[in-house]
K.L.:
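Sharing a structure here in structure tokens format.
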Amino acid sequence: MHTITDLPHEVRVIENVFITMRDGVRLAARIWLPVDAEAHPVPAVLEYIPYRKRDSTRGRDALNHPYMAGHGYACVRVDMRGSGDSDGVLRDEYLADEHDDACEVIEWLAAQPWCDGSVGMMGISWGGFNSLQVAARRPPALKAIVSASATEDLYVDNMHYMGGCLLSDNLSEATVMFAFNSLPPDPAIVGERWREMWHERLEGSGLWIEKWLEHQHRDDYWKRASVNEDYSSVQCPVLAVGGWADGYTNAIFRLMEHLDVPRKGLIGPWGHKYPHLGVPGPEIGFLQEVVRWWDHWLKGIDTGVMDEPMVRAWMQESIEPNPSYAERPGRWVAEPSWPSPNIENRRYTFDRYALHPDDAGTLTVDERPLALRSPLSVGMFAGKWASYAATPDLPSDQREEDGGALVFETEALDTTTEILGRPELELEVSSDSPAAMLAARLSDVAPNGEATRVTYGLLNLTHRDSSEKPEPLEPGRRYRIRIELNGMAHVFPAGHRLRLSLSTSYFPLAWPSPTPAEVTVYTGGGLHLPVRPPRPEDAHLREFGEPEAAPELGITLLQPGEHHWRTTRDLATGVSTLDILDDQGSFRIDETGTVIRRRTQEWFSFGGNDPNSVRGETQTLRRYERDDWRTEVRTRTILTSTPEEFVINAELDAFELDDDHGDRRVHSESWQRRIPRDLV
């Protein structure tokens, strides 16, 4: 990262401004803007998220917002209602209040003396989601957005469900918000009201995992803020950004296909990070790209950004399997439109243990029923649904998974094959149970036998026709199904093999079916690959600059962090466990004096092959202190299931800390909820 201190504009920072909503609620904002902005107004750029501008995102904000402000923008980081130093209670994701508030904030920004009336909105994850959602509300001053690591469909390709299967990241994300929603505002910003505001949150935010498990199908709960319900509602330009190691990249392909506004898609090798901070690398000069985007759409400067291809993607070269990479080798490729006329559909037909090229779709093979009942251990080396780059959370060598799967493999490739897009599998199956799932994995098998997972897809077979109205399977009946695999750009070298692996479990990435199920797969189905021949134009793409940012936030490390990702199997009890620790230690923010301690641990376990033994547990600790303000919050959530129900047990404890009088518990609450399973 190249630190930039000499920017075109000198920047001043306003630590906090309260923006009052129509109902009297005040939202807390931090602002960076050119020192002469009131004399020479500039466009505003809004980032609007629930992750505490005063401390939790202060490090990232220090890199991004002064940099953009130094290029002539008023950058505004707003804590959403019920978060950080803002009033109110945050009760769920993407509610109407959230979008109403955002539209009011945009109206307020456009009216400020330092703003020229034009506003952009940007964000990653939650901020990427609501940038799209607020754009669909069409506030007049919003002229363009940048949406990173986000989706336009809250049920599909989100961290709650995938292919109708419950994701373990549903528990992980609920845990993140359980911790955030229980934190106090900073007394230095809100004054003596901080305790009253804190207790309002502790008592009012609720248990979000309960809400998410009550909506197991793609119903109105998920549709209400899903932009894909009406793509035409978005009427401003969109820059959509993601990474192959993230969980949200499929949305970029859909946005490029279905939006009818100026739009660009950028996909790198990264996990759930902005591209200038991206892991795996290489990182790029993303902030320079964002400034080019804003200059074009907010200032009317012809930066050439719209003369470039619609989609730009990192074509990943073959590499040995590893749960973490510093960098993924590859090269940039581009497509002028999406779907691209340069992508060919190549079909492979699968026979018993083999994949045969079948471009014409006319190859006939002997139909054979192949019975499959995978052990629950298939999936223990799958990695996370979305890589957060905090621990080694990418998939390991797939040979450790393939022993419990049906495996179909090509002969060694005669020539190099490159794919870009979403592979798709179509096949016929039957089941001996009313509910079952299939996980499909595509791997790159090297001559030495190492198998690197390229992409995968999941399907809850009761959702084979619809996630809005799933239907149970009729045991013994044959069904023709499709499984879409996640989008990917990958090079299969000559001499390597393509491997398709199918399993009936993929835990802990996906929660298992209610009861053990044997699925019969009938040979003769097809794997469709989006093959992209190399194009000479790729060699002439404009190069990205080196990563740049404003100076890092000054912190003092007080206690080092610890990270691990461990799988164990107790041979005495038969219990297998994945143990994930993300302990960020403790540190002091030098400019505010705030000391922060953050620790999260997750355990996912099962015994034998009993799906009713599956268990997920998360624990968090968050401590914020400065002088005589010392608070700590601890949460614990346990998710288990029976064939009929999901069972949630959760605990929340909040403390004020005092060395002289001991820790004083100021709030304690526990929940036990039982939620009927509905074909999940």
Side-chain angles (χ1 to χ4, degrees), residues 4 7-12 31-48 64-77 102-103 105-123 127-128 131-132 134-148 232-241 255-256 259-266 275-276 284-312 334 336-337 541-545 548 550:
I4 305 297
L7 293 161
H9 296 262
E10 184 181 354
V11 176
R12 71 182 178 103
I31 302 175
W32 299 257
L33 71 168
V35 294
D36 62 348
E38 291 193 357
H40 304 284
V42 295
V45 174
L46 169 65
E47 187 173 16
Y48 172 70
N64 296 352
H65 293 302
Y67 183 93
M68 290 184 290
H71 284 84
Y73 294 90
C75 293
V76 185
R77 239 300 267 124
C103 291
V105 169
I106 289 169
E107 182 181 0
W108 181 89
L109 292 173
Q112 297 310 297
W114 36 259
C115 180
D116 67 3
S118 293
V119 179
M121 191 170 178
M122 69 176 291
S131 291
L132 282 166
V134 172
R137 298 285 292 270
R138 304 186 191 179
L142 184 63
K143 306 302 183 185
I145 66 169
V146 177
S147 174
S232 68
S233 63
V234 176
Q235 290 292 301
C236 69
V238 175
L239 172 59
V241 182
L255 288 167
M256 295 304 104
L259 289 178
D260 191 23
V261 294
R263 58 203 183 277
K264 298 291 179 184
L266 171 64
H276 57 305
I284 64 168
F286 178 63
L287 292 180
Q288 298 98 296
E289 299 303 310
V290 171
V291 168
R292 289 180 72 224
W293 182 257
W294 297 141
D295 282 353
H296 186 95
W297 292 111
L298 303 186
K299 292 184 177 179
I301 300 171
D302 184 4
T303 62
V305 67
M306 296 310 296
D307 299 329
E308 297 174 0
M310 178 183 287
V311 175
R312 193 156 175 184
S337 60
L541 292 172
R542 181 183 60 85
E543 293 186 3
F544 290 117
E548 293 182 356

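The structure displayed is predicted, hence computed values, not measured ones.
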K.L.:
If you round to the nearest 0.5 Å, how far is CD of Glu38 from CG of Leu33?
P.N.:
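Between Leu33 CG and Glu38 CD, I get 7.5 Å after rounding to 0.5 Å.
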K.L.:
Taking Arg263 for the side chain and Val238 for the main chain, is one N or O donor matched with an acceptor at less than 3.5 Å?
P.N.:
no
K.L.:
List the residues meeting side-chain contact (heavy atoms from CB on, under 4.5 Å) with Glu308, not counting sequence neighbours, and say none if there are none.
P.N.:
Arg292, Arg542
K.L.:
Quick one: does any side-chain atom of Arg138 pair with a main-chain N or O of Ser233 as donor and acceptor, under 3.5 Å?
P.N.:
yes
K.L.:
Hey, which of Asp116, Val119, Val45 is the one that makes side-chain contact (heavy atoms from CB on, under 4.5 Å) with Leu298?
P.N.:
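Among Asp116, Val119, Val45, the one meeting side-chain contact (heavy atoms from CB on, under 4.5 Å) with Leu298 is Val45.
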K.L.:
Kindly indicate whether the side chain of Met121, heavy atoms from C-beta on, has any atom under 4.5 Å from the side chain of Val134.
P.N.:
yes
K.L.:
In the structure I gave you, are the side-chain heavy atoms of Pro8 and His71 within less than 4.5 Å of one another anywhere?
P.N.:
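Yes; the side chains approach each other to less than 4.5 Å.
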K.L.:
For a quick test of reading the model, state the closest non-hydrogen atom pair linking Met256 to Gly265 and the distance between them.
P.N.:
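Closest approach of Met256 to Gly265, heavy atoms only: SD-N, 3.4 Å.
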K.L.:
Distance only, no hydrogens: is a donor on one side chain within 3.5 Å (strictly under) of an acceptor on the other, for Glu47 and His65?
P.N.:
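Short answer, yes.
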K.L.:
Considering all heavy atoms of both residues, which atom of Ala69 and which atom of His9 are nearest to each other, and what is their separation?
P.N.:
O-CB, 4.1 Å
K.L.:
I need the minimum non-hydrogen distance between Ala37 and Val42, along with the two atoms involved.
P.N.:
CB-CG2, 4.3 Å
K.L.:
Between Pro336 and Met310, is there a side-chain heavy-atom distance shorter than 4.5 Å?
P.N.:
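Not touching, per the 4.5 Å side-chain cut-off.
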K.L.:
Going by ring pair (Phe, Tyr, Trp, His ring centres under 6.0 Å), name the residues that satisfy it together with Tyr48, two or more places apart in sequence or in a different chain.
P.N.:
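Ring pair (Phe, Tyr, Trp, His ring centres under 6.0 Å) check on Tyr48 returns nothing, list empty.
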K.L.:
Indicate whether any N or O donor in one side chain lies under 3.5 Å from an N or O acceptor in the other, for Asn64 and His276.
P.N.:
yes
K.L.:
Determine whether Val11 and Val35 make a side-chain contact, defined as any pair of heavy atoms from C-beta on separated by less than 4.5 Å.
P.N.:
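No; the side chains remain at least 4.5 Å from each other.
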K.L.:
Under the criterion side chain to side chain contact (heavy atoms under 4.5 Å, CB included), I'd like the reasoning laid out for Trp297 against Thr303: C-alpha separation, chi angles, the key distance, then a yes or no.
P.N.:
CA-CA 10 Å; Trp297 292 111; Thr303 62; over 6 Å; no
K.L.:
So do Val146 and Trp293 actually touch side chain to side chain, heavy atoms under 4.5 Å?
P.N.:
yes
K.L.:
Using side-chain heavy atoms (C-beta onward) and a distance below 4.5 Å, is Leu7 in contact with Ile4?
P.N.:
yes
K.L.:
Could you tell me if the side chain of Lys299 sits less than 4.5 Å from the side chain of Trp294, heavy atoms only?
P.N.:
no
K.L.:
Does Tyr67 offer a backbone N or O that forms a donor-acceptor pair with the side chain of Tyr73 under 3.5 Å?
P.N.:
no
K.L.:
Could you give me the CA-CA distance, side-chain angles and deciding distance for Lys143 and Ser118, then say whether side chain to side chain contact (heavy atoms under 4.5 Å, CB included) is met?
P.N.:
CA-CA 6 Å; Lys143 306 302 183 185; Ser118 293; 4.0 Å; yes
K.L.:
Under a 4.5 Å cut-off applied to non-hydrogen side-chain atoms, are Pro237 and Val261 in contact?
P.N.:
no
K.L.:
Could you report the tightest heavy-atom contact between Val241 and Pro275, atom names first, then the distance?
P.N.:
CG1-CG, 3.5 Å
K.L.:
Is there a side chain to side chain contact (heavy atoms under 4.5 Å, CB included) between Arg312 and Leu541? Walk through the geometry before answering.
P.N.:
CA-CA 9 Å; Arg312 193 156 175 184; Leu541 292 172; 3.7 Å; yes
K.L.:
So, for Ala110 and Ala141, which heavy atoms are closest and what is the spacing to 0.1 Å?
P.N.:
CB-CB, 3.6 Å
